[in-house]
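Everything below concerns the one structure shown next.
Note that these values count all heavy atoms, side chains included, but never hydrogens, waters or copies made by symmetry.
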Amino acid sequence: MARKMLIDGELGKPSEDDKNYDFDLFVIGAGSGGVRASRFSANYGAKVGICELPFHPISSETIGGVGGTCVIRGCVPKKILVYGASYGGELEDARKFGWELSEKVDFNWKKLLQKKTDEINRLNGIYKRLLSNAGVKLFEGEGRLAGPNEVEVTQLDGTKLSYSAKHILIATGSRAQRLNIPGEELAITSDKALSLEELPKRAVVVGGGYIAVEFASIWRGMGSTVDLVFRKELPLRGFDDEMRAVVARNLEGRGINLHPRTNLSKLMKTEHGIMAVTDHGEELMADVVLFATGRAPNSKRLNLEAAGVELDNTGAIKVDEYSRTNMPSVWAVGDVTNRMNLTPVALMEGTCFANTVFKGQPSKPDYNNVPYAVFSIPPLSVVGLSEEQALEQANGDILIFTSTFNPMKNTISGRQEKTVMKLVVDAETDKVLGASMCGPDAPEIMQGIAVALKCGATKAQFDSTVGLHPTAAEEFVTMRSLTRRVAGQGKPKTNL
């Protein structure tokens, strides 16, 4: 199969010079984006090499693993722990549905941890086979640039290998950041949190984003005492404010102690555990303190200056709309570019890269209407614009439709936890601009809503769709009463 490449924006056959390269493409980083890009490029006829650090659940600058953060120390193991934590509440509710359970129900953390480890080992093997089956050559070791068309791979025994490539793709992801406070070495990040030998009885979680909210939910669901410390008034900055308030209420309802507008000033080791001191003078005792305070692009050890690749002030690799850096031979996808840091987005970027460079179909990633999910208990999921974003972009009024209800299951179990749904609609065009849901199965439901928004669905089309009864999902097509109309350029108001 003849290789096809995009050369200076035009499709053409490889020149004689191209044949002197060891690879058409060499990828540094075998996470979601890197694996997708390498496999698809190989399928289009490219000769592809890829390198990745040796496997370990807890990453470092010299340890990683094929599959990357999502598979090994991110989405997948996190979701497994969320499932495990959810059973605590399910067992409580089960009694109201006629299940006779003893008063004491034990939880075996180490058993769940082993199941989690078995699964990520299995997936690591699957990703390696995917690369092999596509004809991609895998090198285990640390990759760095030695020039605009040269990659150096340091193998496990210290041996250095050097390869030339027509194109180099960087897909090294990101790494958890730590707070710079006295005693910071006493804290852990999400990497370690997924592999703790013992379940903490007391946990302090610092941060208000996805990871913080999810781990607070996990540990609380397993019976731990949890304090969640965050800087803003509500967790999940950047999400719809009304839905953030719902999540905060649910976290408190599940027994998590919230500390809004709070920072940690120091950590101290005591005979009773770790003392976390806040800037308000509170002293929170914990067995584990988790820093869930953001992630930084993994770009420091790549020797990017050797190829003249530009970075921004966060260390992210600057790329254009096709994922190309300022150097024509070097490209980058995924979290290392700090665009939209989600696994499915990295997959999209990797696909677009392969289509652009080796299929001859220039493709730009489309970041509109990308669905998100926060796997708190219960979860939050959104797609499209928040109310605040819609107002910023609006030329006219915005219509808000909400539904707050007690899920059928809760009417029997007696759990006092409402499901909340929300639609944001453009008053002039009737187009649905955004959808949000906090409640059981929200991410599963939101995937279908995302398809509708991608197709440009209107509120009238939502209303004319027959609901699936009895489900929570049918509420999205029965919200016909306007909750409020907000004037463009006005400030949103909440009724929750």
Partner residues of [X] under the salt bridge (charged side-chain N to carboxylate O under 4.0 Å, His left out) criterion, sequence neighbours left out:
X      : result
Lys364 : Glu321
Glu198 : Lys110
Asp191 : none

Say you draw a straight line from [atom1] of [X] to [atom2] of [Y]; how long is it, rounded to the nearest 0.5 Å?
X      : Y      : atom1 : atom2 : result
Asn43  : Asn133 : CG    : CG    : 10.0 Å
Thr419 : Glu417 : OG1   : CD    : 7.5 Å
Arg295 : Ile211 : CZ    : CD1   : 5.5 Å
His280 : Leu264 : NE2   : CG    : 10.5 Å

Min side-chain heavy-atom separation [X]-[Y] under 4.5 Å:
X      : Y      : value
Met437 : Ile445 : yes
Pro297 : Ile317 : no
Ile449 : Phe476 : yes

Thinking salt bridges, do Arg122 and Glu119 make one under a 4.0 Å N-O criterion?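 The answer is yes: the pair qualifies as a salt bridge.
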
Taking 4.0 angstrom as the limit, do Lys115 and Asp118 come out as a salt bridge?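 Answer for the salt bridge query: no.
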
Are the side chain of [X] and the backbone N or O of [Y] linked by a donor-acceptor pair below 3.5 Å?
X      : Y      : value
Arg95  : Glu100 : no
Asp441 : Glu444 : no
Arg249 : Arg244 : no
Asn124 : Ile120 : no
Ser363 : Thr356 : no
Thr262 : Pro260 : yes
Gln416 : Gly414 : yes
Asn355 : Lys359 : no
Asp240 : Glu387 : yes
Lys454 : Asn368 : yes

Residue pair [X] / [Y], side-chain donor-acceptor N/O under 3.5 Å:
X      : Y      : result
Thr351 : Arg36  : yes
Asn338 : Asp335 : no
Arg339 : Thr337 : yes
Glu475 : Ser403 : yes

More than 12 heavy atoms of other residues, nucleotides or ligands under 6.0 Å from CZ of Phe107: is that the case? yes

Results of side-chain hydrogen bond (donor to acceptor under 3.5 Å, both in side chains) for [X] - residues two or more places apart only:
X      : result
Arg220 : none
Glu233 : none
Glu52  : none
Asp106 : Lys104

Side chain to side chain donor-acceptor pair (under 3.5 Å) partner of Arg202, chosen from Asp227, Thr225, Asp287: Asp287

According to side-chain contact (heavy atoms from CB on, under 4.5 Å), who are the partners of Ala457, at least two apart in sequence or on a separate chain? Ala452, Gln461, Phe462

Tell me, which pairs form a ring pair (Phe, Tyr, Trp, His ring centres under 6.0 Å) where one or both residues lie in residues 203-260, sequence neighbours left out? Tyr210-Phe239, Phe215-Trp219

Residue pairs, two or more places apart or on separate chains, that pass ring pair (Phe, Tyr, Trp, His ring centres under 6.0 Å) and touch residues 362-403: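 Residue pairs passing ring pair (Phe, Tyr, Trp, His ring centres under 6.0 Å), neighbours aside: none found.
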
Which pairs, with at least one residue in residues 68-82 and sequence neighbours excluded, count as a side chain to side chain donor-acceptor pair (under 3.5 Å)? Lys78-Glu214, Lys79-Tyr83

Pairs in or reaching into residues 429-440: which pass side chain to side chain donor-acceptor pair (under 3.5 Å), with residues at least two apart or in two chains? Asp426-Thr429

Show your reasoning for whether side chain to side chain donor-acceptor pair (under 3.5 Å) applies to Asn410 and Arg415. CA-CA 5 Å; Asn410 288 358; Arg415 182 174 292 279; 5.0 Å; no

